[in-house]
Number of protein chains: 2
Amino acid sequence: MAYPKVLANIEKHVSLTENEKNFLLSQFESKEVAKKKYILQAGDNCRYFNFVDKGAFRAYYLSKEGKESTIMFAISDWWITDMHCFINEQPAMLHIQAIEHSSIVRLPKERLDLLFEEIPKFERFFRVIMQNAYTREQLRVLENLSLTAEERYNNFLSKYPQIVAHVTQKQIATYLGITPEFLSAIRAGKGKS
Amino acid sequence: MAYPKVLANIEKHVSLTENEKNFLLSQFESKEVAKKKYILQAGDNCRYFNFVDKGAFRAYYLSKEGKESTIMFAISDWWITDMHCFINEQPAMLHIQAIEHSSIVRLPKERLDLLFEEIPKFERFFRVIMQNAYTREQLRVLENLSLTAEERYNNFLSKYPQIVAHVTQKQIATYLGITPEFLSAIRAGKGKS
DNA sequence: GTAAAAAATTAAGATACCTTAAGAAATCAG
DNA sequence: CTGATTTCTTAAGGTATCTTAATTTTTTAC
């Protein structure tokens with residue numbers, strides 16, 4: 001009944017008393033997720049804020065034309081949800097699928113709101129991770145605007161080596177916004193001439 | 001000595017007592033900014049979190065090769081800074097320039113931190129705007145991955161009509177990640193054929 | 001362990017978008 | 001108001017990336 005990883009994650013940003021830790025932990029639910037299972041599908045009610053204890057997930061958008069765009073990967077020690085739909089209590093736009101057998105701990109939205117009320121330090125923690133998520137996405141926008149596919153691929157490899165170990169090239173291609181065929185060409189050194 | 005717009009902005013998300021409002025306002029500095037002046041340049045120490053009272057700003061990255069990428073526009077009632085560098089107290093990567101004569105109110109970082117300590121509701125406000133900023137950037141990433149330049153342009157026009165009224169096409173092109181020449185072609189109906 | 005499915009590669013032809021350059025239109029500085 | 005600067009447009013040729021399709025390699029399911 002102890003979830004040490006999620007506590008360590010939170011304590012990277014704020015320090016908690018024993019009472020606070022116990023209360024916090026009591027709010028989480030834990031769950032095993034088999035490979036290829038979805039913890040969220042487009043159209044679902046997006047109720048949970050999820051922490052990856054073990055395993056790996058991918059969040060992606062699936063267009064009407066059937067094209068996938070990967071919004072994020074999450075491996076052990078990352079948080080993942082469809083934040084827009086979670087916050088605004090709207091049907092999910094994203095699919096979140098386990099890339100491998102995984103275990104998560106999760107907070108239903110009403111308990112997250114409860115924690116904000118009960119433990120101001122938890123709200124601080126959440127503010128900090130939202131700040132970080134914001135600046136990370138902003139940097140990604142900048143890279144998408146200013147770099148070639150080859151440069152973005154090299155950035156991805158050096159920034160997220162642990163993720164590279166869990167995902168296929170096809171999935172990386174949908175994260176970079178290119179086709180798997182073109183990623184293959186880049187890797188073969190034919191990105192440029 | 002009253003800055004009603006910024007208070008109204010904050011009170012969209014949290015309600016404040018008279019005392020809190022007074023304390024809050026006492027922490028802001030106000031500043032006039034002439035057209036074309038910079039409130040931040042790459043390499044500067046990024047000390048301020050800025051609220052646009054009147055006017056318009058553009059935050060952009062300038063690459064070594066001299067290419068500009070617009071990260072965001074901010075008109076009246078928006079907040080703007082180089083968030084990554086503001087949070088991490090690193091030299092700015094972005095330039096933030098007044099597009100027209102503007103007035104801002106701003107919080108130095110140490111006062112923002114003080115407000116988080118003194119007024120928990122202000123930290124909640126900040127959490128909420130960071131959540132919103134994050135989901136906005138995430139949606140922009142998704143659009144950059146999945147839409148054509150023409151689709152992104154049309155989205156921009158319908159999403160930000162007030163901004164369109166303040167900025168040049170060249171500036172919009174750097175926001176979309178395309179050349180002004182190609183934006184011109186799109187507008188002439190030659191995006192496709 | 002094997003058949004089936006999925007991923008990765010290769011290559012040829014197509015297209016979205018870029019580069020360069022020049023002229024027209026709009027804006028700015030004094 | 002006027003000259004100078006910047007923005008916008010147009011067009012021709014070029015390049016990054018896509019599409020389609022076939023082949024090989026790897027992974028999955030039983």
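Since the structure is predicted, the reported quantities are computational estimates derived from the model, not experimental observations. Chain naming here is simple, since letters A, B, ... match the order of the sequence lines and numbering starts at 1 in each.
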Requested in this report: Specify whether B:Phe126 and B:Phe116 have parallel, tilted or perpendicular ring planes, treating 30° as the upper limit for parallel and 60° as the lower limit for perpendicular.
Outcome: perpendicular
Query - A:Leu147 CG - D:dA16 C1' separation (whole Å) - result: 14 Å
Report summary line: Whole-Å distance, A:Ile99 CD1 to D:dT27 P, equals 15 Å
Report task. Would you mind reading off the distance between B:Asn144 atom CG and C:dA16 atom C1', rounded to a whole angstrom? Result -> 15 Å
Query raised in the report: Are OP1 or OP2 of D:dC18 and a side-chain N or O of A:Lys67 less than 4.0 angstrom apart?
Result: no
Query raised in the report: With a 3.5 Å cut-off and no angle check, do the side chains of A:Arg127 and B:Gln131 form a donor-acceptor pair?
Result: no
Query raised in the report: From C:dT19, D:dT28, C:dC28, pick the nucleotide closest to the side chain of B:Thr179?
Result: C:dT19
Query raised in the report: Mind checking whether B:Phe156 and B:Tyr175 have parallel, tilted or perpendicular rings, split at 30° and 60°?
Result: tilted
**Report entry** Residue B:Arg187, side-chain heavy atoms: nucleotide from D:dT28, D:dT9, C:dC18 that is nearest
**Finding:** D:dT9
Requested in this report: Would you check if there is a donor-acceptor pair between the side chains of B:Glu150 and B:Thr148 at a distance under 3.5 Å?
Outcome: no
**Report entry** Residue A:Glu181, side-chain atoms from C-beta onward, closest of C:dC18, D:dC8, C:dT9
**Finding:** C:dT9
Report task. Quickly work out the A:Phe182 CZ to C:dG13 C1' distance and round it to whole Å. Result -> 16 Å
Query raised in the report: If you count the non-hydrogen atoms of other residues, nucleotides and ligands that lie under 6.0 Å from NZ in B:Lys37, is the total more than 12?
Result: no
Report summary line: Rounded to whole Å, CD1 of A:Ile186 lies from C1' of D:dT15 at a distance of 14 Å
Query raised in the report: With nearest nucleotides of DNA chain C determined for B:Lys35 and B:Gly177 from heavy-atom distances, which residue corresponds to the more 5′ nucleotide?
Result: B:Gly177
Query - Nearest-nucleotide comparison on DNA chain D, the residue closer to the 5′ end among B:Leu183 and A:Lys36 - result: B:Leu183
**Report entry** For atom CD of B:Glu68 and atom P of D:dT7, their distance in whole Å
**Finding:** 9 Å
Query - Value in whole Å for how far the C1' atom of C:dT19 lies from CD1 of B:Ile178 - result: 15 Å
Report task. Test the A:Arg106-A:Tyr48 pair against the cation-pi criterion, namely NZ or CZ under 6.0 angstrom from the six-membered ring centroid and within 45° of the ring axis. Result -> yes
**Report entry** Side chains of B:His166 and B:Glu100, donor plus acceptor under 3.5 Å
**Finding:** yes
Query - Within residues 161-174 of chain B: residues closer than 4.0 Å to DNA chain D (heavy atoms) - result: B:Thr168, B:Gln169, B:Lys170
